[in-house]
Amino acid sequence: MKTPILIAAIFFSGLAFAQQKKQDTTAKTQNIEAVTLKKQVFKKQSDRFVYDVAASPVAKGNTTFDLLKQTPLLSTTDDKTLKIAGKNNALVYINGRKTNMDAESLTQFLKNTPAENIQKIEVITVPGSEYQVESSDGIINIILKKKMSDGTSGNMRMANSQNKYNASSASFSVNYRKDKLGISANLNGGENIEAQTYTLRNGNSEYSNESVGDINDPNKNLGGYLNIDYQLTDKSNIALTWNSWANRSYNSTVDLFNTVRAYNPDTQKFETNYTNSRNKENARSYNNSLNLNYELKTDSLGSKLNLNAAYLNYKRFQFTDNGTWSQDPFGNYTVLDQRVIQDLPQVINNFSGTVDYIKKFKNDFTVSLGGNYNKTKTDNDTKNFTYDDNGVTPTPNHFIYDESIYGLYLTLEKKFSDKFSGKIGTRYEITNSLGTSDNAPSVDLRRIERNYNNLLPYLSLNYAINDKNNISYAFSSRMRRPSFWELNPVRNILTETNYTQNDPFVKASSTYNQELTYMYKNSYFLILNHSLFKDVITQVPLQGFAKSQDGTVSKKSVLRYIRTNFGDKQEMSAMLGVQKSFFKQYLTTNFNIGVQHNINDGTLAIDPTTGDSFWDKDGNQLVYTNKRNSTSIVIQTNNTIRLDKNKTWFLGVNYFFVDKQQIELGVLKNLMSLDMSLKKIWNEWTFALNVNDILKTNVVEIEDYQSNGNYNYIHQNRYNFGMTFSIVYNFGNQKVKKVRTIEGASDDIKSRTR
């Protein structure tokens, strides 16, 4: 059930240390050259951290997602969304190429892909100008192992999980190499039921609404990829990449029992009314992308030209039946108060191209320049039918959004000495967009045009004081464009008076990031970070009796979670960490502890999509305000303990703690989780048992109290406690290698379909 999940998604956007979008950006990505690490497992390079996992027992038998959770600077609190310490979001790249999947598909893909194929993981906390990323996003680049000979290799993985419900998954991966031809493919899928239990409370001293109940979202997933790479000459290659993912979620249900308590001035008593909201949703989505790549090496120093052309198609078909029922004289909930049937299709088509040229000179000087073009069209032909005392009210709305993005970048990188290097660059981006609606509730909504011209500078400096000490500084400025689903002006209904509202008026926001890093012996590090967000895109709760522009006032108090621009925000953080092995590598530990300070400054009084204002019963206008600060502590530790001399038995103990902090919806109370795993390696087989959230403490709880008397409370149990048993088998010639790594043109557009 996607409606409440959208509400929950915002809960984690402020956890700079703790971890998710969800659906697209435009594109061009820059190939990341792999660097061979021989002795140092964890190392700071000029613009990234490098974690070598090829020889680590952590990778054996794990999924890629499990491995990422145990990588220094990375974490997750919801077992879905990965976060980089101090960053707003993490974009996943594979061999320098951003994955062409929406957030849900990417999570399933990472959870179904064995980690045995991974050589190293690069964490780029402040990406350079050559990367087109959004906001304060960082990059997780997964570099696959390079095998040495022709032949065929692969692996198979099967897993079964038990949380509230049982889930199963399987994957099959194969690599083939013969002379100049390289082929790699993956097929994976699974079934699961995402279960949640909600408690929602809102109101004031004269009115209150409480909704309590369960949400069950069954999912069937099937996906994979096919890469074909051919070496034309000693200097040139051509490649075709196809990624595909399909999801079917039928019979997703929401069943909430609602208690409404209101003060009656005539009787001077509180009156209580009970209703039952029963929602059902059928949805399916398809994600397909093609990328054609040509690469030409222009000299022996590593200079090269890279050309990409790509097509991306995303389809989602969603049908919802939302009803609220009250009691008949016999106490049965059979009297219909309101029923809303929605048909919510979304189709996204993207055509994109990139040109990148990297020129390397003999004096350790590199010039990178390039450009990109993206043309995206989203088609949202929404149909709503509302059944109430007034009969049937149809409200169709065909919303089409066209966007074109042009980008140019120039980056200069120089190694001045063995100790000192620097990188400076800038991007210039032009964004033109037009949203049109044939049946919007107001004339202002029928044509929305946005045009942006942005110059985005970047600077990084790295100084190796000696063999043991390294210090670096980075600055970048970025834009955060709204995701396509955020612009689609539809309501996702939870109860009769509680729903989320997307907003086609959302503007792009600006972010300015600074980061200072100190590293000692490639094991201990200190990271200081500051981020300033202007015109933050977020979800804001507005509640009260809604008054439209013509003066009509709603009969009941409503709560709307509005997607909008909500003032400014600052995030400041400091983190100490260590990545090291002890006791002759019997213990490998990754430990981080940090403090984060959030400063919020936002106010909203009017629903930007309708112009409605919100009032209490006494005729006072209600305004939602968040001008609060918070300071919180975050702790994360991942430990692998070798249990035998032959390196075949391993115990994993992982723990995280996120202190309470102020986010846009209110105060997010502390979260923590203790996870353990046991792993056995036997020849080419790996058997693993993972137990998550053993203490059952990873439960979301948010509360907010406004000075005007309004309050809002959310309690969400996602049933994180559970266990997973998996079996992995590696077969074939394990020295097979890919011809090369490939980057794509439409890669970045996918992050905005989240």
Geometric cation-pi criterion Arg450 and Tyr452, 6.0 Å radius, 45° cone: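 Judged by the rule (NZ or CZ under 6.0 Å from the ring centre, within 45° of its axis), Arg450 is not positioned above Tyr452.
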Tell me whether Lys375 forms a cation-pi arrangement with Phe351, defined as NZ or CZ under 6.0 Å from the six-membered ring centre and within 45 degrees of its axis.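 No, cation not above the ring by the 6.0 Å, 45° rule.
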Side chains of [X] and [Y]: closer than 4.5 Å at any heavy-atom pair?
{"X": "Val536", "Y": "Ser509", "result": "no"}
{"X": "Leu494", "Y": "Asn492", "result": "no"}
{"X": "Thr386", "Y": "Arg339", "result": "no"}

Atom of [X], atom of [Y] and distance for their closest heavy-atom approach:
{"X": "Phe614", "Y": "Ala605", "value": "CD1-O, 4.0 Å"}
{"X": "Val623", "Y": "Asn708", "value": "O-ND2, 3.1 Å"}
{"X": "Gln327", "Y": "Tyr333", "value": "NE2-OH, 3.1 Å"}

So that I can tick it off, tell me whether [Y] and [X] are bridged by a salt bridge, with the cut-off set at under 4.0 angstrom between side-chain N and carboxylate O.
{"X": "Asp438", "Y": "Arg446", "result": "no"}
{"X": "Glu271", "Y": "Arg261", "result": "no"}
{"X": "Glu429", "Y": "Arg481", "result": "yes"}

Is it the case that over 12 heavy atoms from other parts of the model lie below 6.0 angstrom from the NZ atom of Lys534?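 It does not: Lys534 NZ has 12 such atoms or fewer within range.
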I'd like to know if the side chain of Ser483 and the backbone of Glu486 have a donor-acceptor N/O pair within less than 3.5 Å.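 No: the side chain of Ser483 does not pair with the backbone of Glu486.
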Determine whether a donor-acceptor pair (N or O, by modelled atom type, separation under 3.5 Å) exists between the side chain of Asn276 and the backbone of Leu256.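 Confirmed, Asn276 side chain pairs with Leu256 backbone.
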Are the ring centres of Tyr561 and Tyr499 closer than 6.0 Å?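 That pair fails the under 6.0 Å test.
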side-chain contact (heavy atoms from CB on, under 4.5 Å) partner of Pro489, chosen from Asp503, Asn397, Thr382, Asn502: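 It is Asn397, the one option of Asp503, Asn397, Thr382, Asn502 that forms the side-chain contact (heavy atoms from CB on, under 4.5 Å) with Pro489.
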Between Asp612 and Arg560, does a salt bridge (Lys or Arg N to Asp or Glu O under 4.0 Å) hold up when you go through it step by step? CA-CA 11 Å; Asp612 291 354; Arg560 301 177 186 175; 3.0 Å; yes
